[in-house]
Amino acid sequence: MFESLSARLQGVVDRLRGKAKITEADLDVALREIRLALLEADVNFRVVKEFVAKVREHALGADVLTGVNPGQQVVKAVHDQLVEVLGGERHVLTLDRSPSLIMLVGLQGSGKTTTAAKLAVRLRRDGHKPLLVAADVYRPAAVDQLVSLGDQIGVEVHTRPAGTPALEIARSAMEQARQRSLDVVLLDTAGRLHVDEPMMDELVRVAGAVTPSETLLVVDAMTGQDAVKVAEAFHHRLPLTALVLTKMDSDARGGAALSIRSVTGLPIAYIGTGERTDGLEPFHPDRLAQRILGMGDILSLVERAQETVDQQEAERVAQRLMESRFTLDDFRSQLAQVKKMGPIGQLVGMIPGASQLAGAAQQAVDDGQLKRIEAIIDSMTPGERRHPELIKASRRRRIATGSGTTPADVNRLLKQFGEMQRLMRQLGSGRLPGTGAGLRSILGG
Ligand SMILES: Nc1nc2c(ncn2[C@@H]2O[C@H](COP(=O)(O)OP(=O)(O)OP(=O)(O)O)[C@@H](O)[C@H]2O)c(=O)[nH]1
Ligand SMILES: [Mg+2]
């Protein structure tokens, strides 16, 4: 997500931060770089123009250049403008009725059906009782897809025989939700290749009859400025309430995310970050702006940890840490938890300062590395895991053979583990190293 934009903006920001004095000429250079970086990220040119104008206006006003920390202040102006372009406040779904209806609309293949299932998972976690509804009446396979997703996540799916009009499906779904005391109805509608009139007419009829609390347009972030055009066209006909930008995990540029709010006026409620049903994140403009500028996103990281990490297991490990009884078994269990949180590359981007690491360092912290570490630990005897100091040359060779690695790999892991124990002791004694540095030295090669 946003890799190249992020790298370029961080370059500008780092140069600005380092300066004790900033002249108007410096500012011009910085703004030119920002402009180019945004255009290269495929951001709408009007949005870029306004972005640069606002940052300039802010930097030239209110004694910023002549005041204290001019660099920091310009960086703050860039940050604030990014937050603004991304939408300012977070959009929280309105679920004001029982049942509330959320209608998902969008072009073919944009990710409506997948997003419906992902939303159901999220809503259930937040204490709601969702009902998924297959209102894609044109393709029988579409109904099967939703039914199978519903099975997989354990959420009820409402279906009607092929040929039932979408409006009738929506009505009967609301009725079923009422009878079964389910409080959120997620309506998955049919997509078309292009915005066409019959589809719009049908959607307008359904929305008019069953009055959704939220009408979410699902758009594919990878389509860049086309996504923005599609959003404009839909919004022209349907009163949309918010957007879901899917496939952000595959979109390196970010042009859609950075343009769509300003152009359409619609907030982005969620972003899709993977094909799995847990690949949906609430969209936080401020956090994303910080991530883009390399300030990290420790809040999302903590939330992700809370959602995925087994609390009891975490407490058990913490307890052992405090008692200085932390072993390689505990280390392995911790790695399993980290793995559950998702691709390491994504996590590293959330750690403040970590994005300053060269790409090479990030790659070292990859999932393959984790698998290797696990294999090595699995090849040790229980005694060796508790007392790694027992591991001398011959044991090292045996472990390497058993895990398909080399004695040097085993050695490296043992050294890392030793380093980790040292960090843990420091942590215990209150001399906390920077989170980023700590994690890096543990996971990095
Ligand atoms: N990588 C990635 N893939 C996604 C994401 N969201 C959806 N997809 C994939 O995109 C493809 C299309 O998703 P669907 O949910 O079937 O799209 P749809 O809008 O329901 O399509 P129609 O029903 O044909 O209109 C599937 O292969 C999904 O796995 C995402 O956030 N990231
Ligand atoms: Mg579908």
Side-chain angles (χ1 to χ4, degrees), residues 1-3 102-122 130-153 155 157-160 162 164 166 169-170 173 185-196 198-200 202-203 206 214-224 226-227 230-231 233-234 238 240 242-257 260 268-284 288 300 304 307 342-343 345-346 349 367:
M1 255 169 33
F2 300 105
E3 289 84 1
I102 301 180
M103 184 160 138
L104 294 132
V105 302
L107 291 187
Q108 219 169 72
S110 59
K112 294 174 296 297
T113 305
T114 315
T115 301
K118 290 173 173 180
L119 260 180
V121 169
R122 274 210 162 261
L131 175 67
L132 284 164
V133 186
D136 186 341
V137 290
Y138 304 101
R139 282 189 311 127
V143 178
D144 298 342
Q145 184 191 358
L146 194 66
V147 168
S148 124
L149 280 168
D151 272 352
Q152 190 188 319
I153 60 178
V155 169
V157 180
H158 178 80
T159 59
R160 302 287 296 148
T164 313
I169 297 178
V185 174
L186 291 158
L187 193 69
D188 177 28
T189 64
R192 297 281 167 93
L193 277 177
H194 307 284
V195 177
D196 68 10
M199 169 177 72
M200 284 299 172
E202 180 178 277
L203 293 174
V206 174
E214 293 278 349
T215 307
L216 304 179
L217 175 68
V218 179
V219 284
D220 177 343
M222 289 206 304
T223 60
D226 278 344
V230 167
F234 267 87
L238 262 181
L240 301 175
L243 303 159
V244 177
L245 273 189
T246 59
K247 311 183 196 178
M248 287 286 281
D249 50 311
S250 320
D251 173 41
R253 301 218 283 172
I260 209 158
I268 302 168
Y270 293 93
I271 52 175
T273 56
E275 292 190 75
R276 288 178 4 182
T277 49
D278 60 356
L280 186 77
E281 290 179 19
F283 186 73
H284 294 276
L288 188 57
S300 291
R304 183 89 71 90
E307 281 165 11
Q346 253 181 41
D367 302 306

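Only heavy atoms go into these numbers, but all of them, side chains included; no hydrogens, no water, no symmetry mates. Just so you know, ligand 1 is whichever comes first in the structure, and atom 1 is the first atom listed for that ligand.
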Peer 1: For ligand 1, indicate whether the residue Asp136 contacts it via side chain, backbone, both or neither (heavy-atom separation under 4.0 Å).
Peer 2: side chain
Peer 1: For atom 20 (O) of ligand 1, what is the closest protein heavy atom, and at what distance to 0.1 Å?
Peer 2: Thr113 OG1, 2.7 Å
Peer 1: So, the side chain of Arg122 versus the backbone of Leu280: is there a donor-acceptor pair under 3.5 Å, distance only?
Peer 2: yes
Peer 1: Below 4.5 Å, heavy atoms only, C-beta onward: do Thr115 and Tyr270 meet side chain to side chain?
Peer 2: no
Peer 1: Shortest non-hydrogen contact from Met222 to Ser250?
Peer 2: SD-CB, 3.3 Å
Peer 1: Nearest protein heavy-atom contact for atom 12 (C) of ligand 1: which residue, which atom, what distance?
Peer 2: Gly109 O, 3.6 Å
Peer 1: Output the list of atoms in ligand 1 that are nearer than 4.0 Å to some heavy atom of Gly191, sorted by atom number.
Peer 2: 25 (O)
Peer 1: Test Phe283 against every option in Leu245, Leu243, Ile271, Val244 by the side-chain contact (heavy atoms from CB on, under 4.5 Å) rule and name the one that passes.
Peer 2: Ile271
Peer 1: Could you tell me which non-hydrogen atom of Val105 sits nearest to which non-hydrogen atom of Thr189, and how far apart they are?
Peer 2: CA-OG1, 3.6 Å
Peer 1: I'd like to know if the side chain of Thr164 reaches the main chain of Ile169, judged simply by a donor and an acceptor atom lying under 3.5 Å from each other, with no hydrogens or angles considered.
Peer 2: no
Peer 1: For Leu132 versus Ala117, what's the shortest heavy-atom pair and its separation?
Peer 2: CD2-N, 4.1 Å
Peer 1: Can you see which heavy atom on Thr159 is nearest to which on Ala134, and at what distance?
Peer 2: CG2-CB, 4.3 Å
Peer 1: Side chain, backbone, both or neither: which part of Thr114 comes within less than 4.0 Å of ligand 1 when only heavy atoms are counted?
Peer 2: both
Peer 1: For atom 25 (O) of ligand 1, what's the nearest protein heavy-atom neighbour? Residue, atom name and distance, please.
Peer 2: Lys112 NZ, 2.7 Å
Peer 1: What is the minimum heavy-atom distance between Ala231 and Ile260, and which atoms define it?
Peer 2: CB-CD1, 3.9 Å
Peer 1: Could you tell me, atom by atom, which parts of ligand 1 come under 4.0 Å of a heavy atom of Ser250?
Peer 2: 1 (N)
Peer 1: Check each of Leu131, Val206, Leu216, Ile102 against Leu187 using the side-chain contact (heavy atoms from CB on, under 4.5 Å) test, and report the only one that passes.
Peer 2: Val206
Peer 1: Tell me the protein N, O or S atoms under 2.8 Å from the Mg ion (ligand 2), in chain and number order.
Peer 2: Thr113 OG1
Peer 1: Checking the N or O distance criterion of under 3.5 Å, is ligand 1 in contact with Asp188?
Peer 2: no
Peer 1: Examine ligand 1 and decide if any of its atoms is less than 4.0 Å from a heavy atom belonging to Gly274.
Peer 2: yes
Peer 1: Only heavy atoms of Thr273, strictly under 4.0 Å: list the atoms of ligand 1 that pass.
Peer 2: 31 (O)
Peer 1: Is it the side chain (CB and beyond), the backbone, both or neither of Leu280 that lies under 4.0 Å from ligand 1, heavy atoms counted?
Peer 2: neither
Peer 1: Nearest 0.5 Å please: distance from the CE atom of Met248 over to the CD atom of Glu281.
Peer 2: 9.0 Å
Peer 1: Write out the residue and atom name of the closest protein heavy atom to atom 3 (N) of ligand 1, then the distance separating them to 0.1 Å.
Peer 2: Glu275 CG, 3.3 Å
Peer 1: Select one of side chain, backbone, both or neither to describe which atoms of Lys118 lie under 4.0 Å from any atom of ligand 1, heavy atoms only.
Peer 2: side chain
Peer 1: What protein heavy atom lies closest to atom 8 (N) of ligand 1? Include the residue and the distance to one decimal.
Peer 2: Lys247 CE, 3.8 Å
Peer 1: Under 3.5 Å between some N or O of ligand 1 and some N or O of Gly111?
Peer 2: yes
Peer 1: Please round to the nearest 0.5 Å and tell me the distance separating atom CD of Glu214 and atom CG of Leu119.
Peer 2: 10.0 Å
Peer 1: Donor-acceptor check, side chain of Lys247 to backbone of Gly111, threshold 3.5 angstrom: yes or no?
Peer 2: no
Peer 1: Is a donor on one side and an acceptor on the other found under 3.5 Å between the side chain of Lys112 and the backbone of Gly106?
Peer 2: yes
Peer 1: Can you tell me the protein heavy atom closest to atom 16 (O) of ligand 1 and the distance?
Peer 2: Gln145 NE2, 3.0 Å
Peer 1: Ala190 and Asp136: which non-hydrogen atoms are nearest, and at how many Å?
Peer 2: CB-OD1, 3.2 Å
Peer 1: In the protein, which heavy atom is nearest to atom 32 (N) of ligand 1, and how far is it?
Peer 2: Asp249 OD1, 2.9 Å
Peer 1: Which ligand 1 atoms are under 4.0 Å away from a heavy-atom of Gly272?
Peer 2: 31 (O)
Peer 1: In the protein, what heavy atom is nearest to atom 24 (O) of ligand 1, and what distance, to one decimal place, separates them?
Peer 2: Arg139 NH2, 3.1 Å
Peer 1: Is a side-chain donor or acceptor of Thr215 paired with a backbone partner of Met103 at a separation under 3.5 angstrom?
Peer 2: no
Peer 1: Check Met248 against ligand 1 and report side chain, backbone, both or neither, counting heavy atoms closer than 4.0 Å.
Peer 2: neither
Peer 1: Tell me the contacting part of Ala142 for ligand 1: side chain, backbone, both, or neither, using a 4.0 Å heavy-atom threshold, strictly below.
Peer 2: neither
